[in-house]
Amino acid sequence: MSRGPLPPENPPLPPLLLPPVDADRRLRGPYTAGGAIASALASVARPELVARYDIELRAMSPDLDGLVPARRRSMADHLPRAERILVHAPRRTLRLSNGLAEFVREHLAETGPRTLVVENVHQADPTDRELLAVLRRRISPDLLTVVIGEQAVPEEPLGPEEHDVRADELEREGTIGARLGAIPYHREHGTDPRRAVEAFRVAVERCLDAGCHDAVAELGLRALPLTDPAAEPETWWRLLHSTATALGSLNREDEAEALFDLARRTSVSPVTHAAAAYSTGMLKVRHHDPARRDLDAALAWVNQAIAISTLLPDPRERAFKLGFDLNGRALVEVRLGNPAKALELVQEAVELAEHGLGPGEHPIHRLVLLANRAQLAVMLGRPEDALEDLDAVIAADPGYPDYYIDRGNLLHRLGRRDAAVADYETAMRVGPPFPEPYYNRAEIRFSTGDHRGALADLDHALELDPEFVDGLANRAGLLAALGEYGRARADAESGLALDPVNPYLLCALGQVEMAEGRHKEARAAFDQALERSPSLAAAWASRGMLAFETGDPEGAVADFTRALEPGADPALLFNRAVALRAAGREEEAVADLTRALELAPDDDDIRRELAG
């Protein structure tokens, strides 16, 4: 009997997307691989597709400025660096990676499957490692095969003079990417420490502006030992401050505080001491580990910053820095439970900006103050004042997505659901993709009965960020309500692995345990949730249902009563009425059913129970 040829052990790979990429961060710093992908595809992809992802492409390959016009821009893009005071959140790079993944996926859907080969991944910046993980997670292997290599051709050792020559050559080429990786690397190993410091300064500033905190921390810590604070005090302080800022964003608060301590020991500049005091206070109040937050210490440090800034001789510098410090103290006051005091402080900062700064000076600082004033107005029950401020902020900077989230949340609270959804959908368009607008739109869809639409939004939010704990909690609860207990348990357990005492996740887990008949485990989960959040109505309501199911109507009544504390709800009143009736408290049961029917006059279940 004849036999045909055996199939190959490994099928051939699709054609290369681009020549193999060297991801070594010493070449181009952050996004060494991402920049190569962006540069290769921006020149061949459809112009409409390139325009749609302009922010991501330009961020990953800053040398694409001439090829990719900036379509989506915020106010910060037009300002000098000294006035771009907002520091990107650590998840900014995840937004960029998601955007590039969507760009690549759409391009490949038009051109066909490809293979991406990336070498020297062990030397890659965290931004590239994050990007590769997102590409693998979000693009089907039928479209993109990612081949990872740990070692490319070993680099040839260079002497100090040869490093000088290579740095000179790269500077003449004028590429921005080389200034973030190769030029600092060669200058550091060259013969002139002062030129190395300047190369590091440029790279650190650009990386901080881009939100590449790991690169800032690494470059800054390499640069500081080369910098003489006596000879170059301004450069030294800027490097130190940028490095400490990045360290704080990376959950490395102890290292950040050590740098500010170094600044206090080294400098006698009032501006430096005020900024170090303010920054230390913010480390204390925002510490990533809630158990290590120290509000008293934060208040002491920020008051020291205010005291120093009050004495600054230049009136415009004083107006800006003092307003900045007052705004920082407002955050401490909020955490201390004093929102009214916080509002006074922010208002004082607003007035300082209005009267002490030049026309148009520090516009982002002014917008931050208005946005913070809006948040405080919401806390104090003045939503219309808050809406006025947020309208002004968005009118001034319509390209900044986060403000749309704030206003959308406020509009939702005011019952203006369509307007809230419009703001969330604008946030989806004006910046790189991030989960919050989908998460928030899901809440509105759920509240209007569109549970499948809500689930689709939560699915997308968690596709963008699988570690988005709030999204896991809401999806777990929604899946439990839909009877998809296996998926609900998976979400709850995934979320609890990230945040073991999250009350919403514990509540969702309890709902799953209850549905699957594990009453003891369900009660333990509800109890833990209520220990962490005694006002969590969903946990009280769920524990009440569990008590009723296990033959404890009086316990159910008590729990439903706690669940009703935020306000009357027809479903909860109905459940309490059933429990009251089972406990022999007929008059109270009728009262609850009567009130429930007033709130939901079309509910046939309430009407039947009342008639019975």
Side-chain angles (χ1 to χ4, degrees), residues 383 404-405 407-428 435-464 468 470-492 495 503-505 507-512 514-515 529 536-546 548 560 563-578 592-610:
Y404 291 100
I405 300 294
R407 190 173 69 178
N409 293 343
L410 176 56
L411 290 166
H412 185 195
R413 181 172 176 162
L414 291 170
R416 296 168 58 180
R417 291 172 175 164
D418 290 344
V421 168
D423 270 355
Y424 297 146
E425 291 175 351
T426 302
M428 296 173 193
E436 281 81 359
Y438 297 93
Y439 169 84
N440 290 348
R441 189 174 68 178
E443 289 199 348
I444 292 181
R445 286 179 163 176
F446 180 83
S447 69
T448 58
D450 181 9
H451 293 177
R452 289 297 169 185
L455 183 58
D457 272 347
L458 290 171
D459 286 345
H460 190 67
L462 288 162
E463 181 185 350
L464 293 172
F468 183 36
D470 289 345
L472 286 167
N474 277 17
R475 191 170 71 176
L478 176 54
L479 288 168
L482 294 172
E484 297 188 36
Y485 300 118
R487 290 183 63 196
R489 178 183 292 278
D491 275 357
Y504 300 96
L505 288 163
C507 181
L509 180 61
Q511 291 166 351
V512 172
M514 180 170 62
L536 184 56
W540 287 113
S542 296
R543 201 176 78 167
M545 293 174 65
L546 177 65
F548 186 79
F560 287 137
L564 282 160
E565 285 182 0
D569 176 271
L572 287 174
L573 286 166
F574 176 86
N575 287 345
R576 187 172 69 175
V578 172
D592 269 0
L593 290 168
T594 302
R595 177 63 177 139
L597 192 62
E598 290 173 0
L599 296 171
D602 298 326
D603 192 309
D604 291 335
D605 290 337
I606 298 174
R607 194 177 300 278
R608 277 194 297 271
E609 187 70 23
L610 187 59

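When a residue number appears, it is its place in the shown sequence, counting from 1. Fair warning: this is a prediction, and the values are worked out from it, not measured in the lab.
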Which atom pair, heavy atoms only, marks the closest approach of [X] to [Y]?
X    : Y    : answer
D603 : L597 : O-CD1, 4.2 Å
D569 : A571 : OD1-N, 3.0 Å
L478 : H451 : CD2-O, 3.7 Å
G495 : L505 : C-CD1, 3.3 Å
S447 : I444 : OG-O, 2.7 Å
A473 : Y504 : CB-CB, 3.8 Å

R475: which of D470, D491, D457 passes side chain to side chain donor-acceptor pair (under 3.5 Å):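 Going through D470, D491, D457 one by one, the side chain to side chain donor-acceptor pair (under 3.5 Å) with R475 is satisfied by D491 alone.
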
Identify every side-chain donor-acceptor pair in residues 413-423 under 3.5 Å, counting partners at least two apart or on other chains, and give the distances.
from : atom 1 : to   : atom 2 : distance (Å)
D423 : OD1    : R407 : NH2    : 2.8
D423 : OD2    : R407 : NE     : 2.7

Results of salt bridge (Lys or Arg N to Asp or Glu O under 4.0 Å) for [X] - residues two or more places apart only:
X    : result
R595 : E598
D592 : R576
E443 : none

Heavy-atom side-chain contact between P437 and I405 under 4.5 Å: yes

L455 side chain near L479 side chain, heavy-atom distance below 4.5 Å: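 With C-beta onward as the side chain, the pair touches.
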
Sequence-distant partners of Y404, ring-ring contact (aromatic ring centres under 6.0 Å, His included), two or more places apart: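 For Y404 there are no ring-ring contact (aromatic ring centres under 6.0 Å, His included) partners, ignoring immediate neighbours.
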
All ring-ring contact (aromatic ring centres under 6.0 Å, His included) counterparts of H412, not counting sequence neighbours: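 Result, ring-ring contact (aromatic ring centres under 6.0 Å, His included) vs H412: none returned.
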
Test side chain to side chain donor-acceptor pair (under 3.5 Å) applied to [X] - qualifying residues, sequence neighbours left out:
X    : result
Y424 : N409
E436 : none
N575 : none

Can you give the donor-acceptor pairs under 3.5 Å from side chains of residues 480-488 to other protein atoms, not counting sequence neighbours?
from : atom 1 : to   : atom 2 : distance (Å)
E484 : OE1    : R487 : NH1    : 3.2
E484 : OE2    : R452 : NH1    : 3.2

Set of residues satisfying side-chain contact (heavy atoms from CB on, under 4.5 Å) with respect to A539, sequence neighbours excluded: C507, A529, L530, L536

Partners meeting side-chain contact (heavy atoms from CB on, under 4.5 Å) with F574 (sequence neighbours left out): V578, L593, D605, I606, E609

Atom pair CG (L458) and CZ (F468), whose distance is rounded to the nearest 0.5 Å: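 Between atom CG of L458 and atom CZ of F468 there are 8.5 Å.
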
Value rounded to 0.5 Å, distance of CG in N474 from CG in L462: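 If we round to the nearest 0.5 Å, N474:CG and L462:CG are 9.5 Å apart.
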
Y438 and H460 aromatic ring geometry - parallel, tilted or perpendicular at 30°/60° bounds: perpendicular

